[in-house]
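What you see below is based on every heavy atom in this structure, not just the backbone, and it leaves out hydrogens, waters and symmetry mates. Quick note on labels: first sequence line is chain A, next is B, and so on, each numbered from 1.
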Number of protein chains: 2
Amino acid sequence: MLTGYDVYWQNMNPETMTEVSVATLKVACSGCNLRELCMPVGFNTEDMQKLDTVVATRRRIKQGDLLFSNGDSFTSLFAIRTGFFKTCVSTIDGREQVTGFQMAGEIIGLDGIVSDHHSCNAVALEDSDVCVMPFSNVEELSREFPVLQRHVHKIMSREIVRENSVMMLLGNMRAEERLAAFLLNLVQRLHARGFSQSELTLRMSREEIGSYLGMKLETVSRAFSKFGDEGIIEVKQRYVKIVKPDLLKKIFNPETCI
Amino acid sequence: MLTGYDVYWQNMNPETMTEVSVATLKVACSGCNLRELCMPVGFNTEDMQKLDTVVATRRRIKQGDLLFSNGDSFTSLFAIRTGFFKTCVSTIDGREQVTGFQMAGEIIGLDGIVSDHHSCNAVALEDSDVCVMPFSNVEELSREFPVLQRHVHKIMSREIVRENSVMMLLGNMRAEERLAAFLLNLVQRLHARGFSQSELTLRMSREEIGSYLGMKLETVSRAFSKFGDEGIIEVKQRYVKIVKPDLLKKIFNPETCI
DNA sequence: AGGTGCCCTTGACTTACATCAAAGGTTTTT
DNA sequence: AAAAACCTTTGATGTAAGTCAAGGGCACCT
């Protein structure tokens with residue numbers, strides 16, 4: 001059984017690409033179906049063509065490969081065209097913390113601006129394509145287009161707000177609340193990209209979910225099983241179907257629902 | 001016994017202000033002793049005068065009062081001139097997560113950009129003065145001065161990176177590691193402002209520290225006591241002296257020291 | 001088809017931290 | 001100066017999640 005997300009992935013997977021999708025790979029922002037996610041809206045044709053120059057090149061990253069890693073010098077932001085990434089930081093003694101999962105239309109690399117060097121690793125969790133946006137281009141065009149300037153600020157602010165809510169998850173929520181919040185967030189973002197709001201295929205392992213949510217893989221697995229036993233979701237390995245979203249929301253926040 | 005930080009606080013506390021400090025309250029960015037923290041460096045006099053216009057007004061916030069709260073419409077960023085703040089988010093059922101502590105020279109309000117509304121509360125932990133910087137001013141001047149533009153980007157990126165490391169703390173570290181990291185960070189930031197690198201007076205309660213670090217106030221207290229028993233720090237209520245910073249660093253990261 | 005390796009699940013046991021409770025300090029109020 | 005409110009410390013006990021361990025499923029390789 002394929003979810004919308006699977007179909008999407010198959011179509012966009014470079015290994016299985018048709019001529020049509022190869023063609024779409026070449027289009028600029030102005031013709032990109034993810035434009036509303038990456039770029040501000042409401043431009044005329046002429047301005048849009050100028051905005052196209054924010055993207056210098058594209059890069060294809062194979063599953064498991066790094067887009068950038070801690071210490072790399074920062075030159076560009078990356079807009080994900082297709083695929084799925086995790087970002088993570090690690091301690092010297094090898095403990096890893098996943099700081100986020102990013103999907104098509106999202107921007108990664110913001111961590112590098114402050115020190116001109118990246119402070120985390122970005123790993124492709126599936127074969128992916130990214131638009132390389134040299135940060136000097138972004139800044140230059142931002143000065144010319146206030147709407148783009150505002151857009152860049154919003155993207156950074158959104159990341160700050162997201163991390164605030166992850167801090168709430170990690171600091172105050174119990175294991176099942178964290179997993180419920182995680183699933184709801186994931187499916188909501190997929191839905192915003194035109195996929196199912198009830199079915200998804202996880203692109204990350206239990207261990208990676210656990211790292212993001214501050215729990216061990218066994219605890220993640222137990223929480224999945226518990227949700228399954230209670231009929232809230234159906235789980236089969238990385239396939240997840242949300243059967244009772246209300247109950248999931250209720251777990252995430254007991255006050256909000258019913 | 002007074003730490004450098006206490007002296008600083010006494011001088012800048014509006015309640016005990018002398019005429020001299022009232023005068024300094026009126027100076028613009030160009031004459032502000034915190035300029036290097038808030039503002040980019042390397043401007044000529046003329047440009048600096050233009051940059052002064054980024055600050056519209058000042059606001060004095062009394063201890064315990066809110067600078068802004070969740071849901072407030074966003075219009076301005078705030079640069080802390082004097083004082084100390086916490087920012088926090090809360091769930092509907094009343095659980096609170098402190099997302100950060102901010103001191104003089106730091107910028108708060110970035111959370112509001114994405115949705116034009118603030119998504120957290122900013123509470124003064126002591127009587128404080130802030131410079132109100134209407135965000136439209138910031139954006140306008142950013143377009144004119146690339147150095148300011150870059151500065152704004154760096155401030156936002158720094159916040160993202162800070163939150164990444166808090167996620168690491170919350171997700172991977174044990175109670176004592178968290179407290180060690182917290183103390184080292186606090187004292188380092190105070191030192192950057194010219195205060196002691198070994199002594200400080202906490203402006204927040206054990207409960208607020210605990211909220212930030214994802215632990216209960218009793219656990220915070222026990223960790224303080226343990227560090228005290230081991231001779232790593234001296235604690236008396238909110239006064240803390242770091243006696244053996246190396247041991248503290250070793251706790252934070254067993255690999256780095258000796 | 002069988003082997004290899006990785007990921008996931010589940011059970012038994014352990015532990016770091018939370019919770020509950022009480023007492024002592026410190027600051028604020030009256 | 002006494003009272004009240006709040007904060008901090010410390011001890012005793014409870015528990016959610018971690019750790020350890022074993023087995024099973026799935027995908028990839030030869």
Side-chain angles (χ1 to χ4, degrees), chain A residues 1 6 9 13 15 62-64 86 95-98 123 125-127 169-180 182-183 201-230 233-240 251, chain B residues 1 6 9 13 15 62-64 86 95-98 123 125-127 169-180 182-183 201-230 233-240 251:
Chain A
M1 189 189 223
D6 279 296
W9 180 77
N13 182 347
E15 309 309 319
K62 293 198 81 64
Q63 181 171 357
K86 69 169 177 180
R95 285 180 282 186
E96 181 176 293
Q97 174 71 37
V98 171
V123 182
L125 296 183
E126 61 186 45
D127 292 346
L169 270 193
L170 293 174
N172 273 295
M173 307 277 206
R174 285 172 311 102
E176 287 171 29
E177 295 178 289
R178 296 181 202 188
L179 186 64
F182 171 73
L183 288 174
T201 299
L202 301 169
R203 298 267 96 100
M204 71 293 282
S205 69
R206 302 291 189 258
E207 184 164 21
E208 287 162 334
I209 296 172
S211 173
Y212 183 56
L213 298 177
M215 46 209 255
K216 295 293 162 185
L217 71 94
E218 294 94 331
T219 308
V220 175
S221 179
R222 280 183 236 274
F224 268 121
S225 300
K226 177 128 183 287
F227 289 169
D229 293 345
E230 292 170 345
I233 62 175
E234 283 172 34
V235 208
K236 181 110 193 284
Q237 301 288 122
R238 298 197 176 182
Y239 165 79
V240 178
I251 289 165
Chain B
M1 188 189 223
D6 280 296
W9 180 77
N13 182 350
E15 309 307 320
K62 293 198 84 62
Q63 182 170 356
K86 69 169 176 181
R95 284 179 284 184
E96 183 177 290
Q97 174 72 36
V98 172
V123 182
L125 295 183
E126 62 185 44
D127 293 347
L169 270 193
L170 293 173
N172 273 296
M173 307 277 206
R174 283 170 314 102
E176 287 169 30
E177 294 178 289
R178 296 183 202 187
L179 188 63
F182 171 75
L183 289 173
T201 300
L202 300 170
R203 297 268 96 99
M204 70 295 282
S205 68
R206 301 290 188 258
E207 184 166 20
E208 287 162 334
I209 296 171
S211 173
Y212 184 56
L213 298 177
M215 47 208 256
K216 294 295 160 182
L217 69 95
E218 294 94 332
T219 308
V220 175
S221 180
R222 280 183 236 273
F224 268 121
S225 299
K226 178 127 184 285
F227 290 169
D229 293 345
E230 293 170 345
I233 62 174
E234 283 172 33
V235 208
K236 179 105 194 288
Q237 302 287 121
R238 297 197 178 182
Y239 164 79
V240 178
I251 288 166

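Following rounding to the nearest Å, Arg174(A) (CZ) and dA17(D) (P) show an atom-to-atom distance of 6 Å. Rounding to whole angstrom units, CG of residue Leu170(A) and P of dA16(D) are separated by 19 Å. Taking atom OH of Tyr239(A) as the reference point, atom C1' of dC8(C) lies 18 Å away to the nearest angstrom. Between Met215(A) atom CE and dC8(C) atom C1' the separation is 14 Å, expressed in whole Å. Computed from coordinates, the Lys226(A) NZ to dT9(C) C1' distance equals 16 Å when rounded to whole Å. Rounding to whole angstrom units, CE of residue Met173(A) and P of dC17(C) are separated by 21 Å. Residue Phe227(B) contributes atom CZ, which lies 17 Å from atom P of dT8(D) at whole-angstrom precision. Rounded to an integer number of Å, the gap from CZ of Arg206(A) to P of dT10(C) is 10 Å.
Of the candidate nucleotides dT9(D), dC7(C), dC7(D), dC7(D) has the atom nearest to the side chain of Ser205(B). Distances from the side chain of Arg238(B) to the nucleotides dC7(D), dA17(D), dT9(C) place dC7(D) closest.
Within the nucleic acid shown, Gly214(A) comes within 4.0 Å of sugar-phosphate atoms alone, with no base atom in reach, counting heavy atoms only. Ser225(A) comes within 4.0 angstrom of sugar-phosphate atoms only, judged by non-hydrogen atoms across all strands, and of no base.
Every residue two or more places apart in sequence or in another chain that forms a side-chain hydrogen bond (donor to acceptor under 3.5 Å, both in side chains) with Glu96(B) is listed here: Lys86(B).
In this structure, Arg238(A) places its CZ atom where more than 12 heavy-atom neighbours from other residues, nucleotides or ligands lie under 6.0 Å away.
Taking each heavy atom of Phe224(A) and Leu179(A) in turn, the nearest pair found is N-CD2, 3.7 Å.
In summary, Glu176(B) and Arg222(B) do not engage in a salt bridge, as defined by a charged side-chain N under 4.0 Å from a carboxylate O.
The shortest side-chain heavy-atom distance between Val220(A) and Met215(A) falls under the 4.5 Å cut-off. Ser211(A) is not listed as a side-chain neighbour of Arg95(A), based on a closest heavy-atom distance of 4.5 Å or more.
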Close N/O contacts between protein and nucleotides 19-25 of chain C (under 3.5 Å):
| residue | atom | partner | partner atom | Å |
| --- | --- | --- | --- | --- |
| dT19(C) | O4 | Arg222(B) | NH2 | 2.9 |
| dC20(C) | N4 | Glu218(B) | OE2 | 3.3 |

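Shown are Gln63(B), Lys62(B), Arg203(B); of these, the side chain to side chain donor-acceptor pair (under 3.5 Å) with Glu126(B) is made only by Arg203(B).
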